[in-house]
Amino acid sequence: MTQPKTTFDPLIYLNGTLAGIAVLVPIPPVDWVLETVFRRRMVRDIAARHGRVVSPEVQRIINQEPRGSCTGCLWWPITAVYKTFKRFSRKILYFLTIKEASDQVSYYWHRAFLLNYMVAEGHLDTPEQATLARQVMDEMLTDTSTSPLYKFAAQWIHNVQRNWRVTLRLFRSRNIRQFLKDNETLLKDNWNDAAGYLSALALRYNVLYEQYETEQKINLGEKSATTPSHEQSEKSGLAPQTATEEAGADEASTGETSDPAERSEEQKN
């Protein structure tokens, strides 16, 4: 197990921060576009921070939206309209946007921490490992509203949201870097306070990853155990005989019967 990095690194959390505060932009669907752009950059830039390059296939696995059923595909236009209406309503009721922004920033800070740890563990080296790591990450990100980082995110958003023009200027690379640098001491103090929580988060990730990996090996082992016999039966063109059929075949070849009454009658004759 790699020792998790629990200190604040602006280069690790830069894209996640921008993806989180995108909801503060009061122009749908510009907010959604900005969030998507910075969310997709996270895995590539975090890997680069480690001096590594993540393959396009691994990036696709990490960044793809959760796949739903065909029913979900059919309902997609209605869902899109609903989400757009929801975003517009939250621009009107701005206090709801502040709550969502706190949720989003906390979510993306957790995602950045986990991606950083996944890269360090080597779990993004192959598509197979990345698929397992993505499943674990999705499970761990289902609720981030009870962590210390959520409290820090809510405080930070309260300072950022006072002027939406200031928020827009943050999306310029030099501005957000300067902003993070100006607040680096505060953020580092917050991350130090959350060090124990982040270490426990990394430990939980490892436990879940090993669990998923073990289940995958068991499933692959069961498939490999059943496939050869099935293929052999198909190649021979014969179905496996049951115990009754085999017994009947033996009796026919020896001329004997298994019925005691018939055997007794034969002996009298």
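The figures that follow rest on heavy atoms only: side chains count, while hydrogens, waters and symmetry mates do not.
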**OP:** Kindly compute the distance separating CG (Leu132) from CG (Leu208), expressed to the nearest 0.5 Å.
**Re:** 11.5 Å
**OP:** Could you go through the salt bridge (Lys or Arg N to Asp or Glu O under 4.0 Å) check for Asp45 and Arg49 one step at a time?
**Re:** CA-CA 6 Å; Asp45 291 355; Arg49 181 65 170 157; over 6 Å; no
**OP:** Please assess Gln129 against Val58 for the test side chain to side chain contact (heavy atoms under 4.5 Å, CB included), listing each intermediate value before the final yes or no.
**Re:** CA-CA 9 Å; Gln129 290 174 304; Val58 169; over 6 Å; no
**OP:** Supply the atom-to-atom distance Arg111 CZ to Met137 CE, rounded to the nearest 0.5 angstrom.
**Re:** 4.5 Å
Original post:
Does the side chain of Thr7 reach to within under 4.5 Å of the side chain of Lys5, using non-hydrogen atoms?
Top reply: yes
**OP:** Apply the side-chain contact (heavy atoms from CB on, under 4.5 Å) test between Leu34 and each candidate in Val30, Asp31, Thr36; give the one that qualifies.
**Re:** Val30
**OP:** Scan side-chain atoms only and decide if Thr17 and Trp109 contain a donor-acceptor pair under the 3.5 Å cut-off.
**Re:** yes
Original post:
Below 4.0 angstrom, N of the basic side chain to O of the carboxylate: do Glu65 and Arg39 qualify?
Top reply: yes
Subject >> Sidechain N-carboxylate O distance under 4.0 Å for Arg134, Asp138 >> reply: yes
Original post:
Are the side chain of Thr2 and the backbone of Pro4 linked by a donor-acceptor contact shorter than 3.5 Å?
Top reply: no
Original post:
Looking only at heavy atoms, which two atoms of Leu124 and Ala133 are closest? And how far apart?
Top reply: CD2-CB, 4.4 Å
Original post:
Which atom names give the shortest non-hydrogen contact between Val105 and Ala153, and what distance separates them?
Top reply: CG1-CB, 3.8 Å
Subject >> Any side-chain donor near an acceptor of the partner, Tyr212 and Glu139, under 3.5 Å >> reply: yes
Subject >> Gap separating the CD atom of Gln59 from the CD atom of Glu57, nearest 0.5 angstrom >> reply: 10.5 Å
Original post:
Side chains of Glu121 and Asn206: does their closest heavy-atom pair fall under 4.5 Å?
Top reply: yes
Subject >> Trp191 and Tyr13 aromatic centres sub-6.0 Å >> reply: yes
**OP:** Output the distance between atom OH (Tyr117) and atom OG (Ser199), rounded to the nearest 0.5 Å.
**Re:** 9.5 Å
Original post:
Are Leu186 and Leu11 grouped together when hydrophobic residues (ILVMFWY) are joined by side-chain heavy atoms under 4.5 angstrom apart?
Top reply: no
**OP:** Verify, without hydrogens or angle tests, whether Asn116 (side chain) and Ala112 (backbone) share a donor-acceptor contact under 3.5 angstrom.
**Re:** no
Original post:
In terms of hydrophobic clustering (I, L, V, M, F, W, Y; side-chain heavy atoms under 4.5 Å; direct or indirect links), are Val54 and Ile46 co-clustered?
Top reply: yes
**OP:** Assess whether side chain to side chain contact (heavy atoms under 4.5 Å, CB included) is satisfied between Asp125 and Arg52, documenting all intermediate values.
**Re:** CA-CA 9 Å; Asp125 292 346; Arg52 301 185 185 182; 3.9 Å; yes
Subject >> Joint hydrophobic cluster, Leu18 plus Ile157, side-chain heavy atoms closer than 4.5 Å >> reply: yes
Original post:
Quick one: do the Glu128 and Thr131 side chains pair a donor with an acceptor below 3.5 Å?
Top reply: no
Original post:
Rounded to the nearest 0.5 Å, what separation is found between the CG atom of Leu201 and the CG atom of Leu149?
Top reply: 8.5 Å
Subject >> Val136 reachable from Leu141 in the ILVMFWY side-chain graph, under 4.5 Å edges >> reply: yes
Subject >> Polar side-chain atom of Gln104 near backbone of Ala19 as donor-acceptor pair, under 3.5 Å >> reply: no
Original post:
Can you name the nearest heavy-atom pair linking Met118 to Ile62, along with the distance?
Top reply: CE-CD1, 4.0 Å
Original post:
Do side-chain atoms of Ser106 reach the backbone of Ser102 as a donor and acceptor pair under 3.5 angstrom?
Top reply: no
**OP:** Hey, could you give me the CZ/CZ distance between Arg41 and Phe38, rounded to the nearest 0.5 Å?
**Re:** 5.0 Å
Original post:
Are Leu203 and Tyr205 connected in a single hydrophobic cluster, I mean Ile/Leu/Val/Met/Phe/Trp/Tyr linked by side-chain heavy atoms less than 4.5 Å apart?
Top reply: yes
Original post:
Do Thr144 and Tyr150 touch side chain to side chain, with heavy atoms closer than 4.5 Å?
Top reply: no
Original post:
Can Tyr108 and Glu35 be counted as having a side-chain donor-acceptor contact under 3.5 angstrom?
Top reply: yes
**OP:** Please name the pair of heavy atoms, one in Leu187 and one in Trp156, separated by the smallest distance, quoted to 0.1 Å.
**Re:** CD2-CD1, 4.4 Å
Original post:
Hey, are the side chains of Leu24 and Ile98 touching, using non-hydrogen atoms and a 4.5 Å cut-off?
Top reply: yes
Original post:
For the residue pair Leu115 and Met42, what are the closest heavy atoms and their distance?
Top reply: CD1-CB, 4.0 Å
